[in-house]
Amino acid sequence: MSVLLRAAELVQRPVVTLDGEDVAQVKDVVYASATGELAGFTLNGRGLFSGPMRKSLPWAAIHGLGPDAVMIKDESVLATRDALGDGGGASVLGSWVMTDGGRRLGHVTDVILAVGPGVTDAVRYEIEPADELAPRRQFVPLPDTLAVSSEALLVPEAATEFIRDDLAGFGAAVDEFRERLRAGAPPGSTVTGAPLEEPAASGTAGEEAR
Amino acid sequence: MIRFSDIAGNPVMDTASALTVGRVGSLVVDPAARRVVALGVRKSKGPGDTLPWDGIAAIGPDAVTVDSEQRIADAPGELRRQASLGEKLIGHRVLDDHGRELGHVRDVEFDPRDGSVVTLILKDAYVDGARLLGLGSYAVVVRALAPSDSMPDTVPDRA
């Protein structure tokens with residue numbers, strides 16, 4: 001069974017080693033610019049007056065991500081801050097979500113993660129829709145891979161069918177959506193030169209390696 | 001099996017002098033060995049306030065006996081760190097390795113023969129001592145049960 005979690009909720013959560021020491025707390029969430037996946041966390045020291053730490057926590061080094069703490073094996077898994085990639089504002093927050101059919105859906109306000117035993121997956125973005133009449137908050141399912149740049153983030157047109165206003169029952173929708181993408185070309189994605197195919201190949205390889 | 005609450009506050013009796021040389025204050029647990037390695041002693045009349053496991057003559061229902069008050073000494077090195085954590089064990093936060101808080105330690109059940117930790121007793125859960133992974137200043141860390149269900153880890157019938 002997996003639990004849905006907003007990435008923003010992780011901020012300030014303690015980082016605890018398996019020896020039971022709290023070595024840090026999450027300062028901010030960093031996204032990999034190439035895939036829009038979580039790259040890891042920047043860290044603050046524990047305690048009221050401690051400032052930012054030089055160390056960061058790469059995504060792969062996380063042992064367990066729970067409602068009460070982020071567990072790591074020991075302090076040695078912490079990396080330097082640069083290890084999270086360019087880090088220079090590679091955030092997906094605020095980016096536009098665009099379909100490969102060329103429609104703006106809205107901009108990203110948060111990333112929803114599905115956390116199960118041993119697996120964590122970014123499954124959808126929370127967006128503030130461009131459509132003024134739509135509810136103020138919508139959830140867009142993420143395909144296994146997608147193209148991201150500093151400008152926008154591309155999802156297949158088929159994603160629009162799976163947009164929901166709330167998180168309830170969304171798990172099945174994401175599975176169905178991904179299943180359909182794997183089965184064949186999503187209907188309606190007739191735009192030529194959609195940049196989905198190529199980044200998809202490299203992105204998948206990177207994801208499975210985790 | 002003995003629970004810490006059974007012996008907490010009990011006198012530590014010197015069998016040579018028949019005098020009370022201290023009172024049981026805390027359990028010192030080595031999380032790697034999953035064993036009680038010493039007792040913390042309050043009001044010690046010995047040279048220190050840690051009674052190592054092999055210095056204990058017996059753990060009885062009414063007292064812990066030692067053959068000399070000299071057994072209650074200052075803890076060396078690593079044991080000293082564990083001894084200071086032992087004082088916080090009861091009431092300490094319990095996290096599983098998936099980052100879920102299970103509760104706080106209410107009591108510890110251990111085997112009086114070899115000191116192995118049998119059960120950590122929480123408000124509404126029993127955690128098998130074999131699941132113990134670490135004991136630090138922030139929390140006791142235990143292995144999560146294989147299916148990460150949301151139910152507390154209860155043992156149905158326990159005498």
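All chains are named by letter (A, B, ...) in the order of the sequence lines, taking the proteins before the strands, and each is independently numbered beginning at 1.
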Problem set entry | Part of A:Arg13 within contact of chain B (heavy atom distance under 4.5 Å) |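 Looking at A:Arg13, nothing touches chain B.
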
Exercise. Can you say whether A:Val16 sits under 4.5 Å from chain B via the side chain, the backbone, both, or neither, judging by heavy atoms?
Worked result: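 Only the side chain of A:Val16 comes within 4.5 Å of chain B.
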
For this session: Identify which part of B:Leu133 has an atom lying under 4.5 Å from any heavy atom of chain A, answering side chain, backbone, both or neither.
Result: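 Both the backbone and the side chain of B:Leu133 come within 4.5 Å of chain A.
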
Problem set entry | Qualifying residue, where the test is side-chain contact (heavy atoms from CB on, under 4.5 Å) with B:Val24 and the options are B:Ile59, B:Ile7, B:Asp6 |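 When B:Ile59, B:Ile7, B:Asp6 are each tested with B:Val24, the side-chain contact (heavy atoms from CB on, under 4.5 Å) holds only for B:Ile7.
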
Exercise. Between B:Gly99, B:Ser137, B:Pro31, B:Gly134, which shows the greatest number of heavy-atom pairs under 4.5 Å with chain A?
Worked result: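 Top count of heavy-atom pairs under 4.5 Å with chain A: B:Gly99.
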
Counting only pairs under 3.5 Å, give me each side-chain donor-acceptor contact of residues 33-50 of chain B, with atom names and distances, residues two or more places apart or in other chains.
{"from": "B:Arg34", "atom 1": "NE", "to": "B:Ala130", "atom 2": "O", "distance (Å)": "3.3"}
{"from": "B:Arg34", "atom 1": "NE", "to": "B:Leu132", "atom 2": "O", "distance (Å)": "2.9"}
{"from": "B:Arg34", "atom 1": "NH2", "to": "B:Leu132", "atom 2": "O", "distance (Å)": "3.2"}
{"from": "B:Arg35", "atom 1": "NE", "to": "B:Asp114", "atom 2": "O", "distance (Å)": "2.8"}
{"from": "B:Arg35", "atom 1": "NH2", "to": "B:Asp114", "atom 2": "O", "distance (Å)": "3.1"}
{"from": "B:Ser44", "atom 1": "OG", "to": "B:Gly46", "atom 2": "N", "distance (Å)": "3.0"}
{"from": "B:Ser44", "atom 1": "OG", "to": "B:Gly48", "atom 2": "O", "distance (Å)": "2.6"}

Problem set entry | Check ion pair B:Arg81-A:Glu21 (N to O, under 4.0 angstrom) |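 Between A:Glu21 and B:Arg81 there is a salt bridge, with a charged N closer than 4.0 Å to a carboxylate O.
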
Exercise. Using a distance-only test with no angle check, is there a side-chain donor-acceptor pair under 3.5 angstrom linking B:Thr15 and B:Asp67?
Worked result: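 No.
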
